[in-house]
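One structure below.
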Amino acid sequence: MPDPSVTAPPVHRREQLARAWTRSATSASYIPRSADDIENLLLELVDDVLASLGADEFSVSAGTRIGARLVSEGFVDPPALAATINVLSRELLADLATTPDTELARRTVALLGALSAGYADGLRGYTLTQQEEVKQALFNAVLRAEHNLRGIENRFLEVFASSASGIAITDLNGMCIEANPALGAILATSSERLPGRMLTDIFRDEGAGDVMGAYHRILDGGQSRVQEHRRLRKENGEVAWVLLAISLLRDGAGTPVYFVTMVQDVTELHLLQDRLGHQLLYDALTGLANRQCFHTKLESMLERADPKATITLCCLNLDAFSLVNNSFGHAVGDRLLQAVGRRLEAAVSEEDALVARIAGDEFAVLIEDSPATQDIGDLIATITGELAEPEYIDGIGVAVGASVGAVRRYAGDGDAAELFRAADTALRKAKATGRRQWAGFHDDEDRTALRLDRLAASLPAAWEVGDLTVELVPVVRLADREPVGARAVLAWDETDHATCLQLAERTGWSVHIGPLLLLAACKGFAGSPGLLRVQLTRNQSGDADLVRAVRTALEESGLAEDRLELSLDVGALLDDFGDARDNREVLADIGVRVGLCGVTGGPLDFELVSSTGARSVTLSGALGAGSPVLAEETARTVRMFATLDAVCSVLDVPTLEAADWWAAIGVATAQGGVFGGS
């Protein structure tokens with residue numbers, strides 16, 4: 001099955017892509033074929049590209065094959081390759097502006113890199129073929145010199161002069177005897193100035209070692225021919241990357257007489273490969289390292305650092321950055337991100353540090369601590385202080401704060417993935433406490449948080465395999481301890497109902513499980529007497545599909561509307577969250593009893609009961625007789641709801657004595673706790 005997280009390649013635009021490729025390639029270089037022939041060929045290659053990008057198991061082999069195919073089909077001019085890379089990267093990644101997909105981008109970059117490599121190999125083969133043809137022409141000219149010397153010389157001179165590859169003929173000591181115009185063009189000089197000069201002077205290498213070494217190996221019999229890349233300094237001071245193909249020319253007796261050096265300028269290919277490699281490791285907008293590069297350098301730092309040396313990692317998330325994009329536009333937002341990158345680098349300029357842009361508005365700072373490195377609190381104060389000053393963009397003063405998660409550890413304590421996870425965990429803790437906050441990492445807190453995170457991620461699977469189920473626990477009338485109905489709860493061996501709902505709220509899965517819980521509860525309760533109660537979370541209360549889910553559950557179970565009581569979250573109603581208020585009205589209209597849960601007894605709760613006419617209120621078990629003040633205020637709350645004709649129920653009564661106390665202050669029913677369930 002295809003990976004659903006990968007944006008599908010634009011197969012529907014295959015013909016458009018082929019035409020764009022044809023236009024770009026033919027305008028960049030001359031290809032000795034008809035336009036229709038070229039377009040049909042490129043349409044075939046487009047199909048190969050799209051099939052490779054959309055494959056379940058991605059492989060770059062198609063890119064290598066396509067690059068070689070281009071050369072074999074006559075695309076031998078490097079501008080044709082540059083045009084190919086430009087049009088494919090533009091068209092294949094066009095949809096990422098609206099559907100960000102790092103996997104498709106990674107595949108595309110990898111495929112284009114392989115295409116460039118395949119093209120380079122194909123061009124090298126093409127060059128070798130040319131070289132062999134020239135060499136054969138030279139050799140044949142010597143063999144037939146006695147019979148037709150002038151004709152052979154003319155033929156050789158034509159090939160020599162018109163070849164697209166540079167050619168140098170030198171004696172065995174490395175002195176140039178003759179050079180063709182193409183070699184002069186490659187070296188930015190006149191070919192007439194090259195004869196009489198030594199190879200070490202002509203091919204001034206930029207640090208790759210002795211040029212003559214390859215010639216000596218051939219002359220000594222160690223190799224018959226040599227191919228190698230060289231970084232040469234041209235006569236005008238510029239640098240060129242070339243492919244040298246060196247071979248030995250012998251006379252009729254087999255005695256070595258000359259060296260023949262073929263020179264192919266591959267500077268554009270080299271620069272293109274460098275550019276693709278840089279794009280793979282660095283963020284195009286800020287120029288900072290990206291996540292992949294950052295993770296690689298973090299691993300490298302941990303490997304080479306002293307295990308007892310400390311490493312500091314800070315993860316930053318810009319606060320309310322979307323406000324900048326929404327109010328001033330994405331162009332201002334992009335320039336602000338660039339400014340943030342510069343300021344972060346300035347904040348740690350005195351440290352051995354690396355700053356990276358991890359995602360849209362997320363950054364990371366990695367520091368290899370020294371004796372002068374600040375403690376974490378001071379370090380974060382320096383970083384956030386650097387970000388606090390407004391950045392003036394086109395006359396607009398824009399400032400943005402950041403939440404920061406930080407961890408400082410010995411290099412020997414854990415790997416890169418664990419260190420990054422620790423910093424990210426601290427960042428989430430900082431964001432949970434508000435904006436412009438920072439938090440450090442603590443092992444004990446992390447163990448608890450990690451367990452809850454894993455449980456949250458496991459909820460859907462637990463439901464799927466039947467480990468997470470719906471149970472009905474008694475609702476008891478406190479006056480005589482008789483059951484008057486049931487309450488629907490989630491049952492899981494790993495944790496209780498309340499925690500299940502909290503975790504589901506964090507992931508948004510509560511909206512998915514809500515209708516399933518309703519249906520299972522209604523079916524399980526349909527044959528029982530009394531009232532079925534279901535308390536909803538904030539997200540469930542505001543769900544636009546809540547009424548439809550209730551109708552479906554009632555129809556499929558046969559439960560009467562007035563035997564179902566749904567308690568909506570007070571906070572959702574007060575905040576007018578989603579469709580919470582509309583849901584309350586519609587549910588009441590269809591005959592379902594509507595109550596309130598999450599009630600703490602504040603003035604707004606009383607106002608909500610008064611304005612909505614709610615007749616059922618579920619109190620938190622955190623209220624009660626824990627202290628004289630709490631007991632008095634709880635009793636006052638119950639009396640106040642009674643004056644509003646609202647009947648109170650309480651969750652999770654721990655003991656029978658507590659149940660007696662709740663009954664004494666006027667609470668009608670209890671759910672869970674000592675009476676069963678969670």
Side-chain angles (χ1 to χ4, degrees), residues 1-6 56 101-103 291 295 315 317 358-359 362 405 407 414-433 439 441-473 487-524 534-543 545-546 549 552-553 569 572 578 597-598 621 651-652 671-673 676-678:
M1 180 179 293
D3 187 347
S5 66
V6 179
D56 294 347
D101 179 0
T102 56
E103 177 60 15
R291 177 184 287 272
H295 195 274
C315 287
N317 185 225
I358 302 302
E362 297 179 22
V407 59
D415 58 15
E418 174 59 24
L419 185 63
F420 206 100
R421 190 194 67 80
D424 194 55
T425 298
L427 174 59
R428 284 191 285 128
K429 177 183 175 184
K431 293 172 66 175
T433 59
F441 177 80
H442 302 285
D443 287 326
D444 292 339
E445 293 179 357
D446 179 61
R447 279 190 288 270
T448 300
L450 183 59
R451 176 180 176 274
L452 292 177
D453 287 347
R454 288 174 176 171
L455 289 179
S458 301
L459 278 172
W463 177 267
E464 185 71 23
V465 301
D467 292 340
L468 177 64
T469 59
V470 176
E471 288 187 356
L472 299 175
V473 300
R487 172 189 175 217
V489 298
L490 292 172
W492 192 19
D493 290 341
E494 298 294 336
T495 189
D496 57 27
H497 169 74
T499 304
C500 280
L501 289 182
Q502 291 171 3
L503 297 178
E505 283 284 278
R506 283 176 51 188
T507 62
W509 192 66
S510 59
V511 174
H512 175 76
I513 193 61
L516 302 177
L517 183 150
L518 269 171
L519 180 59
C522 288
K523 286 183 175 180
V534 180
Q535 277 92 38
L536 302 180
T537 65
R538 177 182 176 88
N539 286 335
Q540 291 170 344
S541 298
D543 183 13
D545 289 329
L546 175 60
T552 300
D569 180 72
C597 60
L651 294 176
D652 304 326
Q671 310 167 47
S678 57

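Quick caveat, the model's predicted, so the values are computed rather than measured. The analysis underlying the following values was restricted to heavy atoms, covering all of them including side chains, and did not include hydrogens, waters or symmetry mates.
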Quiz item: Would you call the rings of F420 and H295 parallel, tilted or perpendicular, where under 30° means parallel and over 60° means perpendicular?
Solution: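 Taking H295 first and then F420, their aromatic rings sit tilted (interplane angle of 30° to 60°).
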Measuring from [X]:[atom1] to [Y]:[atom2], what's the distance to the nearest 0.5 Å?
X	Y	atom1	atom2	answer
N539	I513	CG	CD1	14.0 Å
L459	R506	CG	CZ	10.0 Å
R451	E494	CZ	CD	6.5 Å
T495	L490	OG1	CG	10.5 Å
L516	T469	CG	OG1	12.5 Å

Atom of [X], atom of [Y] and distance for their closest heavy-atom approach:
X	Y	answer
T552	L519	O-CD1, 4.4 Å
L427	C315	CD1-O, 3.7 Å
V470	L517	CG2-CA, 3.9 Å
C597	Q535	CB-CG, 3.7 Å
L452	L503	O-CD2, 3.6 Å
A423	V407	CB-CG1, 3.8 Å

Practice problem: For S541 and D569, indicate whether the former's side chain and the latter's backbone hold a donor-acceptor pair under 3.5 Å. | Solution: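 Answer holds: yes.
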Quiz prompt | Criterion salt bridge (charged side-chain N to carboxylate O under 4.0 Å, His left out) on R421 and D453, from CA distance to verdict | solution = CA-CA 12 Å; R421 190 194 67 80; D453 287 347; 6.0 Å; no
Quiz item: Any side-chain donor paired with an acceptor under 3.5 Å for Q540 and S510?
Solution: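 No.
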Exercise. Would you check, one step at a time, whether the test side chain to side chain contact (heavy atoms under 4.5 Å, CB included) holds for L468 with C500?
Key: CA-CA 9 Å; L468 177 64; C500 280; 4.1 Å; yes
Does the side chain of [Y] come within less than 4.5 Å of [X]'s, by heavy atoms?
X	Y	answer
D545	P515	no
L536	L546	yes
T499	W492	no
H497	R487	yes

